[in-house]
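Structure first, commentary second.
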Amino acid sequence: MLSALPLPDADLSLDRHFLDPDRADALFARLRGQIAWETHRIKLFGRAVDSPRLSCWIGDADASYVYSGTRFEPRPWPEPLSELRDDLSRITGEHFNSVLANLYRDGRDSMGWHSDDEPELGPQPIIASVSLGATRRLRFKSRQNATQSVALDLPNGSLLVMRGDTQRNYRHALPKTTKPVAERINLTFRRIIS
């Protein structure tokens, strides 16, 4: 069950047990082998570099997405992600038409500080983030007040929902870690407004 997290000027809810362990493990195994993982090129300080993780943009045919100056055309929905999307739509009341799948191979793979605030997501995007595999720590920090921050450990099968002004008021990141850590898949379901 989703529980609200106390972070000022944000709307975050977390269910640490959204998927039971057997379903989460089976979904991880299917997606690890079924998704066409690729290294995306991103712009960092004015130059193109390889993204420090593997990714795949998946969605309805009209759900194109621009990230870091690159337009991504969606790949078709694999069956397990269509089923998960239906579950998330029932829980959140949102119709998701896309998902960004990220594969973090070990602790060196990461996601830098950012907000999911691209125009295609609308002024108050809702993002449903499902974590599979190894537990990793997601950090949030306020754009206005450095003392407003939170770190969340997201275990296998957890669901984090970000809504409202969260993206406007906060940045989030999945930092590198030197601790030994197994693979993790993160699925961020979104609604692209065309």
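Position 1 is the first residue of the sequence; numbering continues from there.
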With the 4.5 Å side-chain cut-off for hydrophobic clustering, are Leu187 and Leu54 part of the same group? yes
Polar side-chain atom of Arg136 near backbone of Pro175 as donor-acceptor pair, under 3.5 Å: yes
So do Pro125 and Asp116 actually touch side chain to side chain, heavy atoms under 4.5 Å? no
Count I, L, V, M, F, W, Y as connected when their side-chain heavy atoms are under 4.5 Å apart, and connections chain through other members. Are Leu2 and Leu12 then in the same cluster? no
To the closest 0.5 Å, what do you measure between CG (Leu159) and CG (Asp87)? 10.5 Å
Over all heavy atoms of both residues, which pair between Glu183 and Arg105 is shortest? Give the atoms and the distance, please. CG-O, 3.4 Å
Could you check whether any side-chain N or O of Arg53 sits under 3.5 Å from a backbone N or O of Leu103, counting only pairs where one atom can act as donor and the other as acceptor? no
Distance-only polar pair, side chains of Glu118 and Tyr65, donor-acceptor under 3.5 Å: yes
Run the side chain to side chain contact (heavy atoms under 4.5 Å, CB included) check on Val150 and Leu5 step by step: do they pass? CA-CA 10 Å; Val150 68; Leu5 299 174; over 6 Å; no
side-chain hydrogen bond (donor to acceptor under 3.5 Å, both in side chains) contacts in which one or both residues fall within residues 152-169, not counting sequence neighbours: Asp25-Asn156, Gln124-Asp165, Arg137-Asp153, Asp165-Arg168
On a heavy-atom basis, the closest approach of Pro74 and Ala61 is CG-O, 4.0 Å
What is the minimum heavy-atom distance between Leu100 and Ser55, and which atoms define it? CD1-CB, 4.3 Å
Do Arg171 and Ser142 get their side chains close enough for a donor-acceptor pair, meaning under 3.5 Å? no
Applying side chain to side chain contact (heavy atoms under 4.5 Å, CB included), run through Leu84 and Trp77 and close with a yes or a no. CA-CA 11 Å; Leu84 187 58; Trp77 289 94; over 6 Å; no
For Asn97, which residues count as a side chain to side chain contact (heavy atoms under 4.5 Å, CB included) partner, sequence neighbours excluded? Asp60, Ala63, His95, Arg191, Ile192
Going by the ring-ring contact (aromatic ring centres under 6.0 Å, His included) test, which pairs reach into residues 110-147, not counting sequence neighbours? His114-His172, Phe140-His172
Between the side chains of Ser131 and Arg184, does any donor sit under 3.5 Å from an acceptor? yes
Quick one: are Leu31 and Leu132 in side-chain contact, heavy atoms under 4.5 Å? yes
So how far is it from Leu174 CG to Leu152 CG, rounded to the nearest 0.5 Å? 11.0 Å
Identify, with sequence neighbours excluded, every residue that meets salt bridge (charged side-chain N to carboxylate O under 4.0 Å, His left out) alongside Arg139. none
Evaluate Ile193 against Leu121 for side chain to side chain contact (heavy atoms under 4.5 Å, CB included), listing each step before the verdict. CA-CA 6 Å; Ile193 301 168; Leu121 297 174; over 6 Å; no
Measure the spacing between CE of Met162 and OG of Ser115 and express it to the nearest 0.5 Å. 9.5 Å
Is there a path of hydrophobic side-chain contacts, each under 4.5 Å between heavy atoms of I, L, V, M, F, W or Y residues, that connects Leu154 with Leu7? yes
Thr135 versus Pro155, closest heavy-atom pair with distance: OG1-CA, 3.3 Å
How many angstroms lie between atom CG of Leu81 and atom OG of Ser98, to the nearest 0.5 angstrom? 11.5 Å
Under 4.5 Å between side-chain heavy atoms, hopping through other hydrophobics if needed: is there a path connecting Leu88 to Leu160? no
Same apolar cluster: Phe28 and Val181, side chain cutoff 4.5 Å: no
CG (Asp109) and CG (Asn186) are apart, to the nearest 0.5 Å, by 12.5 Å
Verify the neighbour count for atom CZ of Arg108: are there more than 12 heavy atoms of other residues, nucleotides or ligands below 6.0 Å? no
Are any non-hydrogen side-chain atoms of Pro78 and Arg30 less than 4.5 angstrom apart? no
If you take all heavy atoms of Ala173 and Leu138, which pair is closest and at what distance? O-CD1, 3.3 Å
Could you tell me if Arg75 sits above the aromatic ring of Trp57, with its cationic atom closer than 6.0 Å to the ring centre and no more than 45 degrees from the axis? no
Once you measure the plane-to-plane angle for Phe189 and Phe96, does it fall in the parallel (<30°), tilted (30-60°) or perpendicular (>60°) bin? perpendicular
With side-chain hydrogen bond (donor to acceptor under 3.5 Å, both in side chains) as the rule and sequence neighbours excluded, what pairs involving residues 2-17 come up? none
Do Asp117 and Arg143 pass the salt bridge (Lys or Arg N to Asp or Glu O under 4.0 Å) test, and can you show the C-alpha distance, the side-chain angles, and the key distance before you say yes or no? CA-CA 13 Å; Asp117 57 1; Arg143 291 172 175 265; 3.3 Å; yes
With sequence neighbours left out, the residues meeting side-chain hydrogen bond (donor to acceptor under 3.5 Å, both in side chains) with Thr147 are Asn145
Audit row: Val99, Arg190, side chain to side chain contact (heavy atoms under 4.5 Å, CB included) steps and yes/no: CA-CA 6 Å; Val99 61; Arg190 306 144 187 258; over 6 Å; no
Are the side chain of Thr177 and the backbone of Gly107 linked by a donor-acceptor contact shorter than 3.5 Å? no
Which value, rounded to the nearest 0.5 Å, describes the distance between Leu27 atom CG and Glu83 atom CD? 9.0 Å
Taking CD in Gln144 as the centre, count heavy atoms belonging to other residues, nucleotides or ligands within less than 6.0 Å. Is the count above 12? no
